[in-house]
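Worksheet: the structure to be examined is printed underneath.
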Amino acid sequence: MRLAESIHKTGETLEGLIDHLDARERTLRTVSLDELTVDPETATLNHGQESWEMTRHAAHQLASMLRVTPSFVLRVPNDLAAENLNTFLANAAGHRQIILENGVVVGFLKPNTIPVDPKTVATRLVEGTQSIPASLMRRWDLTPEGAVLRFSSPTLTCEPKLHDVVEAGVDLLVRENTELTLSARTVVLRLVCTNGAIATETRAIRKIGLSDSWKEPEARIVSTFQMAGEMLAQALPTYLTRLPKIELEIPEDPMELVSYLRSGLGAIDGAPIKSKKLVEAVADAMYSEDPTMWGLYNALTRLGRDSMDLTYKSLFERAGHYLSLNPQVVLEELEAAAPSGLS
């Protein structure tokens, strides 16, 4: 299926983002689904005398709402894709908002959805009226779903090793071309090469409620900034300044190390690790880490990243997260379990 080029742009300043958003022409059109057709030659979306190209994201949304397999529609020739979509469009009930950007269909929304404009979000940041300092924004990305604004602060207080987390922060997701609208997710960046290359790892997404009280965009913006600000305040000091300062007395004897770690890992509030097999895996990982709570955190999250077993992957990642939230409980158990002469 022939489709228009999707949106992919990036930058580093809020002013640059605002300038780009100012330059686009974006409109929403509410139409009845049964009035739409797809041209079998060009794969354009038609409504009356009007015709528009679609992006891959928009075509995927259209197929999904019609319950046609998106992967099938996107890979077949125009005529076959049009035949399948038109069959269901002719009998489709209800209305949808067509999102047009510079004359191209970039998405569809339900009739009552009020999307949040990324420009409004960026402007509020520039004004300095929100709970997240604009100075912490590192980059922005425009994707087929909308805008992603990344906030982080590289304040690591110890020399990182290969595969260590070197930066932590929050992504603010302004997905104006989806029903998800506003949300935030914690993000960490891990050193993956000795030349300084880093890889991004995202964590669970948190979104505000979708009750009637949140339908006003300004109210949703304020609430999401508050949520993201809390996530950011928690992530930065914990990952990058607090954990490296908590030193651990790591036993040299392998058996003593397993026993020592087992006491602390079993005390992690929210995701205790008690299995001897898993504790031994953490002990092996600790030999390449600093003897600090930061090293233990990196060992856990790296094991989670590398594990092929989804259960273990989830457990190690959750253990790392909860360890970062309340390291003192773990430290107390480790100190109590330290072999004679270490504590």
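In the hydrophobic clustering of ILVMFWY residues, with side-chain heavy atoms under 4.5 Å counting as a link, L109 and V106 come out together. Following chains of ILVMFWY side-chain contacts shorter than 4.5 Å, one cannot reach I114 starting from F108, and the two form parts of different hydrophobic clusters.
Side chains of S71 and T69: a donor-acceptor N/O pair is absent below 3.5 angstrom, by distance only. For the residue pair S307 / D309, no side-chain donor-acceptor distance below 3.5 Å is found, with atom types taken as modelled. Residues D39 and T44 have side chains that never bring a donor and an acceptor to within less than 3.5 angstrom of each other. T55 and S6 share no side-chain donor-acceptor pair at under 3.5 Å. The closest side-chain donor-acceptor pair between T30 and R96, if any, does not fall under 3.5 angstrom.
A salt bridge links R24 with E176: the closest approach of a Lys/Arg side-chain nitrogen to an acidic carboxylate oxygen falls below 4.0 angstrom.
Side-chain atoms of E145 and T143, non-hydrogen and from C-beta on, do get closer than 4.5 Å to each other. With a 4.5 Å cut-off on side-chain heavy atoms, V105 and I99 do not count as touching. Put simply, the side chain of P254 reaches to within 4.5 Å of the side chain of Y287, judged on heavy atoms. Taking 4.5 Å as the limit, some side-chain heavy atom of K9 sits within range of a side-chain heavy atom of W140.
In this structure a side-chain-to-backbone donor-acceptor pair under 3.5 Å is missing from E41 to D79. Remark: side-chain polar atoms of Q97 are paired, donor with acceptor, to backbone N or O of P111 under 3.5 angstrom.
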Just list the side-chain donor-acceptor pairs under 3.5 Å for residues 14-23, sequence neighbours left out, or say none.
from: D22; atom 1: OD1; to: K119; atom 2: NZ; distance (Å): 2.5

**Study point:** salt bridge (Lys or Arg N to Asp or Glu O under 4.0 Å) between E280 and K277, intermediate numbers included
**Key:** CA-CA 5 Å; E280 289 175 342; K277 173 185 175 182; over 6 Å; no

Review point. Checking salt bridge (Lys or Arg N to Asp or Glu O under 4.0 Å) for the pair E317/R305: CA distance, chi angles, key distance, verdict?
Key: CA-CA 8 Å; E317 289 182 348; R305 181 202 61 184; over 6 Å; no

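Listed by first then second residue, pairs satisfying salt bridge (Lys or Arg N to Asp or Glu O under 4.0 Å) with a partner in residues 53-76 read R2-E53, not counting sequence neighbours.
Under the salt bridge (Lys or Arg N to Asp or Glu O under 4.0 Å) criterion, R139 pairs with D141, sequence neighbours left out.
Put simply, CZ on R150 and CG on L173 are 9.5 Å apart, with the number rounded to the nearest 0.5 Å. In this structure, CD1 on I250 lies 5.5 Å from CG on L261, to the nearest 0.5 angstrom.
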